[in-house]
Amino acid sequence: MTEPEDLTARARIRDAALLHFGEHGFEGATIRAIAEAAGVSSGLLRHHYGSKQALREACDEHLIRIVRRIAGDLRDGGLPTGHNPVAAALGALGPYRLYVARALAEGWAAPLFDGIAELSEQWFEELDETRADEPFAGRKARATVSTAMSLSVGVLHKHVSRGLGVDVFSPEGAHLLALTLLDLYSHPVLTPEAAAEMRDTLAKSHESG
């Protein structure tokens, strides 16, 4: 996923870093290897980014811009009612999905997670306008958990692929995943009455604890 400035050396370095960090992790990646992959010198890399940490932060910022742009385009283009634009945007990250998965699994990329959660919160704000009942949890809490659930397939992609019997990042795997999610989300596990009863039980347990 590229942007207009991606013909520049700075952008080539960033894209090479995204792939290298995804394959080797932050600790395993080196300035020299990233520079070689980008076809530049280590000195030029340091000139543009200064350090490996700053380069990683630039990678996060780039992916945030991509996700926000795609989510906005999807929303403006008439996304079906109830469809999560964040999930659709994540599916478009292509070769950078491994970077996202490894970054989150290793406990970094907080700005990326928070930026995606903000998009989720905006989506819930729109859904809440037509929701008939009062939400059990606050919008930010729901957005945070929803984001974690959306990202979990990428983090656990090897396990999900094994269970599905096909690489979840392949066209066939993505299609099967989409069908499975559609089936899960279109058939609630709990009725509104059962959910309300469980909410009351949780409230009593919390108060007594």
Side-chain angles (χ1 to χ4, degrees), residues 1 3 57 59-94 96-97 99-101 103-105 107-157 159-160 164 168-169 173-209:
M1 185 63 60
E3 293 197 331
E57 292 171 358
C59 289
D60 288 348
E61 292 169 1
H62 179 61
L63 294 188
I64 282 291
R65 289 196 299 271
I66 290 176
V67 170
R68 284 175 174 162
R69 187 186 67 237
I70 295 174
D73 290 346
L74 289 170
R75 188 181 293 109
D76 295 341
L79 207 63
T81 302
H83 192 96
N84 188 343
V86 176
L90 289 172
L93 288 179
Y96 303 149
R97 286 177 294 195
Y99 171 92
V100 175
L104 295 170
W108 38 283
L112 179 60
F113 182 94
D114 293 347
I116 297 172
E118 288 176 9
L119 287 174
S120 294
E121 194 167 354
Q122 295 171 14
W123 177 60
F124 276 115
E125 183 177 5
E126 296 173 4
L127 293 181
D128 286 350
E129 292 178 358
T130 57
R131 179 167 171 166
D133 61 324
E134 190 72 19
F136 293 173
R139 189 173 296 145
K140 184 173 183 178
R142 287 179 285 143
T144 299
V145 174
S146 176
T147 297
M149 293 171 65
S150 296
L151 292 168
S152 64
V153 171
V155 175
L156 301 172
H157 68 278
H159 299 291
V160 177
L164 293 179
V168 74
F169 288 159
H175 177 69
L176 178 56
L177 175 65
L179 286 178
T180 303
L181 289 172
L182 181 62
D183 185 74
L184 289 171
Y185 284 121
S186 62
H187 296 82
V189 176
L190 299 174
T191 64
E193 294 75 18
E197 182 178 348
M198 292 182 68
R199 178 196 58 190
D200 292 342
T201 300
L202 285 171
K204 293 177 181 177
S205 175
H206 180 71
E207 291 171 358
S208 63

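Remember, it's a predicted structure, so these values are computed and weren't measured experimentally.
- Atom OG1 of Thr147 sits about 9.0 Å away from atom CD of Glu121, to the nearest 0.5 Å.
- Scored by the salt bridge (Lys or Arg N to Asp or Glu O under 4.0 Å) test, Asp133 finds Arg131 as partners (sequence neighbours excluded).
- Atom CE of Met149 is separated from atom CG of Leu181 by 9.0 Å, given to the nearest 0.5 angstrom.
- Annotation: Phe136, atom CZ; neighbour count of heavy atoms from other residues, nucleotides and ligands within 6.0 Å is above 12.
- Minimum heavy-atom separation, Leu182 to Ser186: O-OG, 2.7 Å.
- Distance CD/Gln122 to CD/Glu126: 7.5 Å, rounded to 0.5 Å.
- The distance from the CD atom of Glu207 to the CG atom of Leu202 is 11.0 Å, given to the nearest 0.5 Å.
- Using a 4.0 Å cut-off between a side-chain N of Lys or Arg and a carboxylate O of Asp or Glu, Arg142 and Asp128 qualify as a salt bridge.
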Enumerate, atom names and distances included, each donor-acceptor pair closer than 3.5 Å involving a side-chain atom of residues 107-119, sequence neighbours excluded.
{"residue": "Trp108", "atom": "NE1", "partner": "Glu106", "partner atom": "OE1", "Å": "2.8"}
{"residue": "Glu118", "atom": "OE1", "partner": "Arg68", "partner atom": "NH2", "Å": "3.3"}

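- Scanning for side chain to side chain donor-acceptor pair (under 3.5 Å) contacts around Arg199 gives an empty result, with sequence neighbours left out.
- Phe169 and His157 have parallel rings, their planes meeting at less than 30° on a 0 to 90° scale where 60° marks the start of perpendicular.
- At least one side-chain heavy atom of Val160 sits less than 4.5 Å from a side-chain heavy atom of Leu164.
- A distance of 5.5 Å separates CD of Glu197 from OG1 of Thr201, quoted to the nearest 0.5 Å.
- For Ser146 and Ser120, the side-chain atoms include no donor-acceptor pair closer than 3.5 Å.
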